[in-house]
Amino acid sequence: MGYSEEWANKWTEYNPEKAKQLLESCGLVMGSDGYYDFADGTDFVLNIQAMTDANADASAELLMKYFKEVGIKTTYKTMDRSVLENMLASNDHEAVLAPVTPASTFSIILRPDTVVPVRNYAAWYGAVGNWVASNGKEGVEPTGDLKKLCELYQQMRSAITAEEKERIALEMLKLHEKNIWIIGYMEALPTLIIKDKKIKNFPENSIFCDEFRDFGIAHFQCLYYGD
């Protein structure tokens with residue numbers, strides 16, 4: 001649902017000069033050391049964090065090289081999953097490098113929390129999820145398109161027909177396409193499944209995704225050994 005060729009290719013062009021124009025349009029100023037600073041002269045540093053078991057070291061090294069080429073100073077630190085998850089919950093993080101959970105999500109209708117702030121769960125929206133879950137009593141109130149995304153989610157929850165839910169879901173995905181709240185740097189590797197030839201009734205054409213609990217859609221209770 002919601003695949004867009006334009007979205008798949010958006011911001012994938014390698015163009016350092018255009019990147020610098022975008023950075024300067026945000027108010028950053030190139031310093032004498034070749035790195036961008038905030039307008040008041042203080043250093044702009046992008047602190048990248050990752051879970052130790054994400055095995056993101058090689059990816060981080062490559063990304064930091066490209067950031068350096070456009071004048072962005074970076075740091076990189078790995079930490080235990082529980083530590084980083086606590087930092088995410090307390091909104092004490094800047095940039096997290098990790099496998100993008102929505103990549104294994106098939107339907108925003110069935111599994112919205114990776115792409116909609118329904119709770120404090122994903123790094124890109126953090127405490128906005130608290131605001132949604134508490135009906136505005138806690139957390140950080142969103143603005144602009146992010147707030148519109150939350151409003152559309154509430155409309156989708158109230159929709160009665162499947163057609164109406166799908167229409168609203170596509171509007172929500174269009175907002176993601178416009179804003180690119182989640183940046184995908186690398187394509188996911190394929191999921192390989194090895195099956196013994198004697199196992200019968202294994203589904204050959206199925207969707208491997210979180211909503212169906214990955215292997216759950218295979219209905220292992222219905223498999224059997226044949227000759």
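- Look at Arg167 and Glu163 and you find no salt bridge, because none of the NZ, NE, NH1 or NH2 atoms lies under 4.0 Å from a carboxylate O.
- Cation-pi geometry between Lys198 and Tyr225 is not satisfied (NZ or CZ under 6.0 Å from the ring centre, within 45° of the ring normal).
- Between the Lys165 side chain and the Met156 main chain, a donor and an acceptor come within less than 3.5 Å of each other.
- Neither Val96 nor Ile72 shares a network with the other; the hydrophobic side chains, linked directly or stepwise wherever heavy atoms of I, L, V, M, F, W or Y lie under 4.5 Å apart, form separate groups for each.
- The two atoms that bring Val128 and Leu146 nearest to each other are CG2-CD2, 4.2 Å, heavy atoms only.
- In this structure, Phe44 has its ring center no closer than 6.0 Å to that of Tyr36.
- When ring centroids are compared, His93 and Trp124 stay outside the 6.0 Å threshold.
- Salt-bridge check for Lys20 with Glu24: failed, with every basic side-chain N at 4.0 Å or more from each acidic carboxylate O.
- In the hydrophobic clustering of this structure, Met87 does not group with Tyr125; members are Ile, Leu, Val, Met, Phe, Trp, Tyr whose side-chain heavy atoms approach within less than 4.5 Å, directly or through other members.
- Under 3.5 Å, the side chains of Glu94 and Asn47 contain a donor-acceptor pair of N or O atoms.
- Applying the 6.0 Å contact sphere to NZ of Lys137 captures no more than 12 heavy atoms from other residues, nucleotides or ligands.
- No more than 12 heavy atoms of other residues, nucleotides or ligands shown are found within 6.0 angstrom of NZ on Lys68.
- Closest non-hydrogen pair, Ala169 versus Ile108, comes out as CB-CG2, 3.3 Å.
- Residues Tyr66 and Ile182 share a hydrophobic cluster, clusters being chains of Ile/Leu/Val/Met/Phe/Trp/Tyr side chains in contact below 4.5 Å.
- Residues Tyr121 and Glu85 have side chains that never bring a donor and an acceptor to within less than 3.5 angstrom of each other.
- Residues Leu63 and Leu97 share a closest heavy-atom pair of CD1-CD1, 3.7 Å.
- Residues Leu84 and Ala50 come closest through the heavy atom pair CD2-C, 3.8 Å.
- Nearest heavy atoms, Leu149 versus Trp181: CD2-CZ3, 3.9 Å.
- Taking the charged nitrogens against the carboxylate oxygens, Glu177 and Lys174 do have a contact shorter than 4.0 Å, which makes a salt bridge.
- Thr42 and Asp40 are linked by a side-chain donor-acceptor pair at a separation below 3.5 angstrom, with hydrogens and angles left out of the test.
- The shortest heavy-atom contact between Tyr76 and Thr78 is OH-CG2, 3.1 Å.
- Sparse packing is recorded around NZ of Lys178, with 12 or fewer heavy atoms of other residues, nucleotides or ligands lying under 6.0 Å away.
- Environment of NZ in Lys77: sparse, with no more than 12 heavy atoms of neighbouring residues, nucleotides or ligands closer than 6.0 Å.
- Hydrophobic cluster membership is shared by Val115 and Ile109, with clusters built from Ile, Leu, Val, Met, Phe, Trp and Tyr side chains linked at under 4.5 angstrom.
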